[in-house]
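Order of the sequence lines sets the chain letters (A, B, ...), proteins ahead of strands, with each chain counted from 1. On a predicted model such as this, the values are computed, not experimentally measured, just so you know.
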Amino acid sequence: MTDRLTIATWNINSVRLRLPIVEKFILEQAPDVLCLQETKCPDANFPEAAFRKLGYPHIAINGQKGYHGVATISRRPLANIEKRGFCDKGDARHIAVDVAFSDSPLRVHNFYVPAGGDEPDAAINPKFGHKLDFMAEMKAWLNGAETERPAVLVGDLNVAPYEHDVWSHKALLKIVSHTPVETELLEAIRSHGGWIDAMRRFVPMEEKLYTWWSYRARDWAAADKGRRLDHVWVSPPLADRLKAMRVLRAARGWDKPSDHAPVIAVFEE
DNA sequence: ATGGTCGCGTGGCGA
């Protein structure tokens with residue numbers, strides 16, 4: 001008996017404003033699980049009915065007013081919902097669930113890592129310090145038991161780790177999201193847990209790969225000054241089940257777009 | 001060219 005599961009991750013920058021294109025994405029791609037970031041929506045105002053109508057009755061949300069917020073919506077039942085706080089802040093930046101896949105539960109972590117502000121110096125920019133502290137807590141937690149079982153870690157990690165995850169490695173070395181302290185720390189989280197970078201398993205390291213294009217560009221597609229800020233990681237026990245990955249770049253050009261494109265991963269047992 | 005554009009929610013913050 002084979003099972004097939006698709007998981008999508010998308011920073012949608014307001015779930016309420018973006019509802020029309022989230023619906024378009026669901027109708028086109030029909031992922032089994034959709035992990036959203038930057039929902040910018042208190043839990044009481046989350047548009048659950050719209051997702052139920054589209055065939056996603058299982059909804060786990062961790063939202064707050066105005067900022068941040070993550071949600072995992074699913075066609076399959078969700079269990080063991082966990083919302084972890086980081087850095088002793090009230091920020092809504094993580095939610096984890098179990099989803100049935102083949103004969104065992106699959107842990108799905110959905111993350112929205114702090115962006116870190118503009119100045120890449122923790123001494124003068126507390127937001128950058130918060131980002132590094134947040135990532136240090138991720139490193140301490142996301143290994144051992146968390147990666148010895150089938151697990152996926154997705155979301156907007158706000159770091160483009162490799163040379164060809166940005167349009168110009170040289171131009172961005174001092175730009176938050178691609179500084180050595182961030183890229184080395186993200187790599188440390190990943191390797192410490194044994195996580196596998198699912199996107200780079202399908203795209204060679206020498207090939208450009210982006211998931212985000214700034215709103216500020218006059219013509220984002222022509223300039224194509226992107227960064228790979230969104231990620232899909234899989235734990236070693238799940239590695240052999242990873243079958244495909246796709247960045248839906250077209251969604252960046254839809255009506256009233258998010259500045260992030262969705263990433264879809266396919267698993268087969 | 002150190003600008004530029006978004007979303008939240010109504011003045012400025014965060015991205």
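- A gap of 13 Å separates the C1' atoms of B:dG14 and B:dG9, to the nearest Å.
- Toward the 5' end of DNA chain B, the nearer of the two residues A:Gly116 and A:Ala217, judged by each one's closest nucleotide, is A:Ala217.
- Distance noted for atom P between B:dG7 and B:dG3: 23 Å (whole Å).
- At a threshold of 4.5 Å between side-chain heavy atoms, the hydrophobic network of Ile, Leu, Val, Met, Phe, Trp and Tyr places A:Phe86 and A:Tyr67 in two separate groups.
- Aromatic rings from A:Trp141 and A:His94 are positioned such that their centres are separated by under 6.0 Å.
- Backbone-only contact: A:Lys256 has heavy atoms under 4.0 Å from sugar-phosphate atoms and none from a base.
- Between B:dC13 and B:dT2, the distance separating the two P atoms is 23 Å to the nearest Å.
- Evaluation of the salt bridge (Lys or Arg N to Asp or Glu O under 4.0 Å) test over residues 87-101 of chain A, restricted to residues two or more places apart or in two chains, returns A:Asp91-A:Arg93, A:Asp98-A:Arg107.
- On the nucleic acid side, DNA chain B has its first and last nucleotide under 4.0 Å of a heavy atom of chain A at B:dA1 to B:dA15, going 5' to 3'.
- Aromatic rings from A:Phe25 and A:Trp10 are positioned such that their centres are separated by under 6.0 Å.
- Residue contacts for A:Arg252: at a heavy-atom cut-off of 4.0 Å it reaches no nucleic acid atom on any strand shown.
- Using atom P as the reference point in both B:dG4 and B:dC8, the two lie 22 Å apart (nearest Å).
- Each of A:Trp212 and A:Phe111 belongs to its own hydrophobic cluster when Ile, Leu, Val, Met, Phe, Trp and Tyr are linked at side-chain heavy-atom distances under 4.5 angstrom.
- Ring-plane geometry between A:Phe46 and A:Phe51 is classed as parallel, the angle between the planes falling under 30 degrees on a 0 to 90 degree scale with a further cut at 60.
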